[in-house]
Amino acid sequence: AYTQAIEDEFRAAGHEVVRHSIVPQSFAVKALKLHEPTYLKAVAKYHQEILMRERGQDYDWVFFLQCHFFSRDNLEEYRSTFAKARFTLYNWDSIRTHNYLPYRDLFDDIYTFDPQDAEVEKLRYLPLFCIRDFQGLRRGLASSPAVYVVGNVAAPARYLMVESFRKYCRHAAIPIQVFLKAGLLGHIKLRKAIPSMRGVSWRSIEHDRFLEMMKSSTATFDFANHSQVGMTMRVVENLCAGLKIITSNHHVLNKPFYSPDRIHLFNGTDFSGVKAFLEAPLADPDADFSEYHIQRFVRHLIEGTQHDRATARREAELQPERRDELAAMKTA
């Protein structure tokens, strides 16, 4: 849904768009993930097939959402084939998760959602976005406190955290809706670590069901990796939809939109302040946070601009050990 939404905004801005998934979507190829060398070979072949189909087209812009699935040789061939095109890369993972620095010279513009990576590597900072369907979704709706959780649970710790929060909500008489999803590798990892695992879907949530969960809730639960400085999609879209946010990401305290009536930070499995947080009214229920709308996101990409740099510096909160880690990765 997110890549389709970006494509729709490019078209609304007057662009003709041809979109390819960065990895094959067939189950047969996905199953090859169990043997990484075979999977990477299949992905490289897929990239060559795309190039053969598109060779001869006169594109003026080649836009990548992530690039770490590409081999260096294939990306170089794309660059030489579309030599007149502007090449742009956007990353919604940090460098420590997927190190794209070895590809840096093959792009004209590189954007990241991670303010620390942007500050250290002098990249363009662009936070994630809220699609149009969620913008102001709950404005004017009144209801009693209720929470929803939608997310990917590739790691056992994430599943266990959601289960702990679900148990808290039951004891506190807080209505909660949960939809969890994992891919093939995620299911294997979860089943091995937690034999009693239940309620994890193989498929992503349907868009209409997602909308209904948001409309019928007043808050969302976001369990983020503490190493992730950039805000998750869940935080941004619920912020713009008008919901409250319960999160474990302490970096949210540095964000310009942070306020204790809108965002509750929890540590470990201590959810003791959640009920009072849910019952307190929002100080500014009509705030729309338009800087995080997908329209603004795509405009930044088209115009080659970025989110406010001074804000990015404040958000970076860069510790010396993090700077050393990034420097070591760059050297490697």
Side-chain angles (χ1 to χ4, degrees), residues 1-7 17-55 62-82 87-107 110-114 117 128 150-159 179-195 197 200-205 224-225 227-228 230 232-233 328-330 332:
Y2 298 126
T3 48
Q4 183 61 56
I6 292 172
E7 179 181 344
V17 182
V18 175
R19 173 162 61 99
H20 295 281
S21 172
I22 200 165
V23 292
Q25 294 301 301
S26 71
F27 180 79
V29 174
K30 288 181 178 180
L32 295 177
K33 289 182 178 180
L34 296 172
H35 186 254
E36 187 176 9
T38 304
Y39 175 71
L40 293 177
K41 186 179 293 186
V43 171
K45 181 183 177 183
Y46 166 76
H47 293 155
Q48 278 292 315
E49 290 169 349
I50 293 174
L51 188 59
M52 284 190 290
R53 291 199 299 272
E54 298 294 347
R55 199 182 296 275
V62 179
F63 175 65
F64 279 75
L65 277 171
Q66 312 287 67
C67 72
H68 56 274
F69 293 103
F70 262 74
S71 68
R72 171 83 190 193
D73 288 345
N74 273 346
L75 196 49
E76 286 178 349
E77 191 171 357
Y78 271 62
R79 184 80 218 216
S80 62
T81 300
F82 307 109
F87 271 62
T88 299
L89 170 64
Y90 182 78
N91 290 275
W92 46 32
D93 279 311
S94 69
I95 291 173
R96 67 167 60 179
T97 303
H98 294 120
N99 185 9
Y100 49 85
L101 294 179
Y103 303 90
R104 185 171 188 164
D105 60 307
L106 298 176
F107 291 95
I110 296 181
Y111 290 83
T112 176
F113 89 135
D114 188 305
D117 290 350
L128 288 171
V150 172
N152 187 44
V153 287
R158 189 174 293 265
Y159 175 86
F179 185 97
L180 302 178
K181 178 253 182 183
L184 176 62
L185 293 181
H187 268 275
I188 292 172
K189 189 184 299 183
L190 287 166
R191 186 63 65 185
K192 184 177 180 180
I194 312 169
M197 180 199 75
V200 178
S201 173
W202 290 85
R203 298 177 180 273
S204 297
I205 189 170
N225 186 333
S227 67
Q228 181 172 298
T232 63
M233 191 74 80
M329 291 177 65
K330 186 175 181 181

Q) Taking D117 for the side chain and I95 for the main chain, is one N or O donor matched with an acceptor at less than 3.5 Å? A)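 Confirmed, D117 side chain pairs with I95 backbone.
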
Q: Identify the residue among F87, F64, F107 that makes a ring pair (Phe, Tyr, Trp, His ring centres under 6.0 Å) with F70.
A: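 By the ring pair (Phe, Tyr, Trp, His ring centres under 6.0 Å) criterion, F70 pairs with just one of F87, F64, F107: F64.
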
Q: Go through the structure and list residues passing ring-ring contact (aromatic ring centres under 6.0 Å, His included) with F69, not counting sequence neighbours.
A: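 None.
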
Q.
Once ring-ring contact (aromatic ring centres under 6.0 Å, His included) is applied, do any residues pair with H68, and if so which ones, sequence neighbours excluded?
A.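 H68 satisfies ring-ring contact (aromatic ring centres under 6.0 Å, His included) with H98 once adjacent residues are dropped.
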
Within the structure provided, determine whether [X] and [Y] are in side-chain contact (heavy-atom separation under 4.5 Å).
X: T112; Y: Y100; answer: yes
X: Y78; Y: H47; answer: yes
X: R104; Y: I110; answer: yes
X: L89; Y: Y103; answer: no

Shortest non-hydrogen separation from [X] to [Y] and the atoms involved:
X: H20; Y: V18; answer: NE2-CG1, 3.7 Å
X: Q66; Y: I22; answer: O-CD1, 3.1 Å
X: L190; Y: V153; answer: CD1-O, 3.0 Å
X: F113; Y: S94; answer: CE2-N, 3.9 Å

Q) If you measure from NE2 on H187 to OG on S201, what distance do you get to the nearest 0.5 Å? A)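 It is 6.5 Å, given to the nearest 0.5 Å.
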
Q. Can you name the side chain to side chain contact (heavy atoms under 4.5 Å, CB included) partners of E76, sequence neighbours left out?
A.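 With neighbours one apart ignored, the set is R72, D73, L106.
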
